[in-house]
Amino acid sequence: MNIFVLLKQTFDTEERIVIKDGEISDDGVKYVMNPYDEYAVEEALLQRDQHGGMITVVGVGPDRTAEALRTALAMGADEAVLISNDGLATDEYTVSRLLAAYFGQQSYDLIIGGNFSVDSGGGQVAVRLSQLLDIPHTSSITKMTINGQQVTVERDAEGDTETLELSLPAVFTAQQGLNEPRYPSLPGIMKAKKKPFHRIAVADLGVSDSEAAAKTKRIALSLPPQRQSGRILQGDYAQQAAELVHLLRTEAKLI
Amino acid sequence: MGKTYVVVAEVRGGSLRQVALEALQAVSIAKHDGDSTAAVLIGSQITPLASELANYVEGQVYSIDHPDLEIYNPEAYLNVMKTVFERVTPDVVVLGHTALGRDLGPAIAAHLDAGQISDVTAIEKSGDDVIYTRPLYAGKAFEQKQFTGGTQVVTIRPNNIDPAAASSSPAEIVELEYAPAGSLRSIVKDIVRKTSGKVDLTEAKIVVSGGRGVKSADGFKPLEELADVLHGAVGASRAACDAGYCDYSMQIGQTGKVVTPEIYIACGISGAIQHLAGMSQSRVIIAINKDPEAPIFKVADYGIVGDLFEVVPLLTQEFRKVLV
């Protein structure tokens, strides 16, 4: 089975956001694999170990994305592909077009991505890709069972659980709860260094810059208003509980 | 020629979702003179909903009513939209940023070769342009975006834009036939609805949330009692989910759900940055934590330094007194 994982590198979720000169500053920022993509990598590993095959992790992004791809190799993926978008204004439209061009040259059975990325959070790329490749998809899955070409998945739809059946090839996006992503082991990290790592330029995909041009653009950035710390209540617990309810009624007027 | 806006009005549990009216309002904010609106209603036995929806739309309501459409299926719903697009050529398609819209939106965008701006929290007009505001990093920052041209798809975050008011001239209802495709490539075999009566976490007006301090799955019981009294929902921090005290579907934060309730009660939550991203836009934040130095107190409007297992039941008691 040819398994592909769509992967993005994001800021660590413990990072604060600082805006400098109208851009989000990446000074000293720690980058990680998008947390939802970790579930996708883990699921790919579990499925490969059960059914055999090969896992290729694919990222579209700047050069530093290589770190996240190497993490996936260290977890156990077999090959990595970095499609460099340097110098190209990129939105979800662009990324899905580049990926579609890449997959046009591949033979694929199973494509898994994260449910969304924790930075821009658009949640578009994987679903767009399924349409561009004209194959079925299920987003936000919490369980996957593969039997031959038949896949049964559970999808989280705002608390409801839907069970769906699809046949491969197909695209899926991973929701929390799908599995428990492993940490890269030391031998895994050593092995990763020797695994194939391919870099592809946009031109290699036969997509012109105008074909892949972003259809949306950012015009401004801002931070949410800072919250002020409020008051710490005093007295014994019963007094504080009564005071709090009183304040919610009289001051906040919410009860 | 003006632009044509197409709003996908979502049905859930036999009713029109409020986000459908919010999407219609988004269109009336974005619209210029000469633009037109059509709404699309997809489901099973939706005749009464079509009449209800027509009150909020000037233009047409396309109603596609078929037993096979009761449950969302990406392929079937996209086929329906393709039928609609044969009748009306869209310039802008607007959906809710819900389980359905998050899935159908990008599929429509790819089909129409369109750009998409997802999870929009505010819309404004600037001359001929429309500016869309949306969160980044789950709300640690916000960006304003525009389309550079072409067909456009927008998904609207629920509870952020006021719902549309009734229109002066109700829409014409156009019923379209649904021809089920011979074979769909993905089939919904089963659906398990979440426990009825429980308030959805992302729609709750009050959220009671537990962190590592709840210590166990049982530790959530007093939080559930408090949430019941307040008709609220129970959430959790990543620490509580990772520790196995609760299901990941309850997780609030940059990974997990973003909530913006009127009252957020954080119990035994230290206030890691990734958690704050998911709740700091709440109107009033209450923190209960043993550690007076916990960062959660820095964003809380009201803080109680103390043991949640003593404080929460007392709060439940106090709320019960005033609410019953």
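Computed from a prediction, not measured in an experiment: that's the story for all the values here. Below, read A as the first sequence line, B as the second, and so on, with proteins coming before strands; counting in each chain starts at 1. The basis for the numbers below is simple: all heavy atoms, side chains too, and nothing from hydrogens, waters or symmetry mates.
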Is the shortest heavy-atom distance from the side chain of A:Gln176 to the side chain of A:Tyr36 under 4.5 Å?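 With C-beta onward as the side chain, the pair touches.
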
Side-chain contact test, heavy atoms from C-beta onward, threshold under 4.5 Å: evaluate it for B:Val188 versus A:Thr163 and give yes or no.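 They are not in contact (no side-chain heavy atoms under 4.5 Å apart), so the answer is no.
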
May I ask you to list the residues in residues 289-296 of chain B that approach chain A closer than 4.5 angstrom, counting heavy atoms only, ordered by number?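 So far as heavy atoms go, nothing in residues 289-296 of chain B approaches chain A to under 4.5 Å.
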
Most contacts with chain A, counted as non-hydrogen pairs under 4.5 angstrom, among [options]:
options                                : result
B:Ser249, B:Ala272, B:Gly150           : B:Ala272
B:Ala138, B:Ser282, B:Ala287           : B:Ser282
B:His111, B:Arg283, B:Arg102, B:Glu75  : B:Arg283
B:Ala109, B:Ala107, B:Gly139, B:Cys241 : B:Ala107
B:Glu310, B:Lys205, B:His97            : B:Glu310

Give the interface residues of [range] toward chain B, defined by a heavy-atom separation under 4.5 Å.
range                       : result
residues 143-151 of chain A : none
residues 244-255 of chain A : A:Leu244, A:Val245, A:Leu247, A:Leu248, A:Arg249, A:Glu251, A:Ala252, A:Leu254, A:Ile255
residues 16-30 of chain A   : A:Arg16, A:Ile17, A:Ile24

With the threshold set at 4.0 Å, does a side-chain nitrogen-carboxylate oxygen contact exist between [X] and [Y]?
X        : Y        : value
B:Asp113 : A:Arg128 : no
A:Asp91  : A:Arg218 : no
B:Arg134 : B:Asp119 : no
B:Arg12  : A:Glu158 : yes
B:Glu203 : B:Arg17  : yes

So with a 6.0 Å cut-off around NZ of B:Lys82, is the heavy-atom count from everything else above 12?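 Yes, the 6.0 Å shell around NZ holds more than 12 heavy atoms from other groups.
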
Give a yes or no on this: more than 12 heavy atoms of other residues, nucleotides or ligands lie within 6.0 Å of atom CD of B:Glu70.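 No.
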
Main chain of A:Gln239, side chain of A:Asp236: is a donor-acceptor contact present, judged purely on distance under 3.5 Å?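 Indeed, once roles are kept as given, a pair shorter than 3.5 Å links the two residues.
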
